[in-house]
Number of protein chains: 2
Amino acid sequence: MPKMVLDAIDRRILAALQRDGRLTNVQLAEEVGLSPSPCLRRVRLLEEAGVIGGYRATLDRAELGLGLTVFVGVKVVRHDESGAAAFRGAVRLLPSVVACHLVSGESDFLLQVVVPDLAAYERLLLDTLMRLPGVSDIRSNFAIQTVKAEGPLPLDHL
Amino acid sequence: MPKMVLDAIDRRILAALQRDGRLTNVQLAEEVGLSPSPCLRRVRLLEEAGVIGGYRATLDRAELGLGLTVFVGVKVVRHDESGAAAFRGAVRLLPSVVACHLVSGESDFLLQVVVPDLAAYERLLLDTLMRLPGVSDIRSNFAIQTVKAEGPLPLDHL
DNA sequence: GGATTTCTTGGCACGGTATGCCAAAGATCG
DNA sequence: CGATCTTTGGCATACCGTGCCAAGAAATCC
């Protein structure tokens, strides 16, 4: 994946599509100061280069009855790459786990889990998470309030 | 916000738009087994009810030169509301902080920070994060590998 | 059980949009 | 300064979004 060179117009395009992914190409073109044709071409290039990975509708968790977000720190038994691979594969298959990162620090993995309520989390924790391969310790941090979620990526450094 | 009643077709619509937010209404209609007219109406209703909060392009962090993701645990001096409100307001204005939750457990706030490199994080940490109002302790957990990011919300519980 | 009411669907028409193509303008480099 | 390469803008066509109305299905009520 060769890193693409982005100019000021590309940055404006990305910022606009990050704000509203369903912008019409005509609207987008006007917003970035281009005519529709070259604007659409730039968007296609950004998509093909992988800068734009895709487009997603962002859903409201509360409206969907997903009232509980939990950040779960997981420690695994160390020095076992096959075990860690198994853990990653298992986590990827869990729909309730919307994010998972290998991290430095106290925990080895940091998961973001979304469930309807505490009862659902209890089931997930006891029946699934604690039984994942190689897990030695689990720490649950419940989200009490969301200050900022899924904020746009910063582009000012370009 | 009265919770909207969602049937199987609505669920399919949400799943499809979560997968590809730029789906044409015609494509979407065919995918969920409806003709375009009622399909579009349902999408509009979901938008107005707030179930669909918006549409966003998902960008590739590595391609944008945002190579470093850090999960930052922040402790504040007290849970007194004025201090916490100041902290939240300040965090919301930081572009590098893409997510921030008030959480239970060791830390009070859990932040997700996205920066180009370690030098940028050092500057953010020393010049900004440590000077935020009421901060008493900061713990940085660096993302080493992303197993799953921004996964779709689970809808099977409906 | 049947009729009425209410909600949802599907088709149609029109205005707007996406998209490929070509010429013109601009930038780059020797 | 001139040639080459890149990017832009406009145009034409096919497709799509969107509002409207009638037909169908579902629920309700007597």
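If you're wondering where the values come from, they're calculated on a predicted model, not measured in any experiment. As a basis for the values below, the full set of heavy atoms in this structure was taken, side chains included, without hydrogen atoms, waters or symmetry mates. Proteins get letters first, then strands, A, B, ... in listed order; numbering begins at 1 in each.
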So how far is it from A:N141 CG to B:S104 OG, rounded to the nearest 0.5 Å?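 A:N141 CG to B:S104 OG: 5.5 Å, rounded to 0.5 Å.
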Rounded to whole angstroms, how far apart are [atom1] on [X] and [atom2] on [N]?
{"X": "B:E30", "N": "C:dT9", "atom1": "CD", "atom2": "C1'", "result": "17 Å"}
{"X": "B:L23", "N": "C:dT17", "atom1": "CG", "atom2": "C1'", "result": "17 Å"}
{"X": "B:R22", "N": "D:dC15", "atom1": "CZ", "atom2": "P", "result": "19 Å"}
{"X": "B:R42", "N": "D:dT18", "atom1": "CZ", "atom2": "P", "result": "17 Å"}
{"X": "A:L34", "N": "C:dT19", "atom1": "CG", "atom2": "P", "result": "16 Å"}
{"X": "A:Y55", "N": "C:dA18", "atom1": "OH", "atom2": "C1'", "result": "13 Å"}
{"X": "A:L45", "N": "C:dT19", "atom1": "CG", "atom2": "C1'", "result": "14 Å"}
{"X": "B:Q27", "N": "D:dC16", "atom1": "CD", "atom2": "C1'", "result": "10 Å"}

Just call it for B:T24: base, sugar-phosphate, or nothing, with non-hydrogen atoms closer than 4.0 Å on any strand.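 The answer is sugar-phosphate, as B:T24 gets under 4.0 Å only of primed atoms, P, OP1 or OP2.
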Between [options], which one does the side chain of [X] approach most closely?
{"X": "A:P38", "options": "C:dA18, D:dT7, D:dG9", "value": "D:dG9"}
{"X": "A:R41", "options": "C:dT9, D:dG17, D:dG9", "value": "D:dG9"}
{"X": "A:L40", "options": "C:dT19, C:dG10, D:dG17", "value": "C:dT19"}
{"X": "A:S37", "options": "D:dC20, D:dC11, D:dC16", "value": "D:dC11"}

Return the 5'-most residue of the pair B:G33, A:N25 with respect to DNA chain C, ranking by each residue's nearest nucleotide.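 Its nearest nucleotide lies further toward 5', so the answer is B:G33.
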Can you tell me if B:Q27 uses its side chain to pair, donor with acceptor, with the backbone of B:T24 under 3.5 Å?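 Yes, B:Q27 side chain to B:T24 backbone: donor-acceptor pair under 3.5 Å.
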Under 4.0 Å between a side-chain N or O of A:R44 and OP1 or OP2 of C:dT19?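 Yes, within the criterion.
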Full working for salt bridge (Lys or Arg N to Asp or Glu O under 4.0 Å) between A:K75 and A:E106: CA-CA 8 Å; A:K75 282 188 196 171; A:E106 296 214 3; 5.4 Å; no
B:V98 vs B:V113, test: side chain to side chain contact (heavy atoms under 4.5 Å, CB included). Steps then yes/no. CA-CA 6 Å; B:V98 300; B:V113 170; over 6 Å; no
What I'd like to find out is whether the side chain of A:R92 reaches to under 4.5 Å of the side chain of A:F87, using heavy atoms alone.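 With C-beta onward as the side chain, the pair stays apart.
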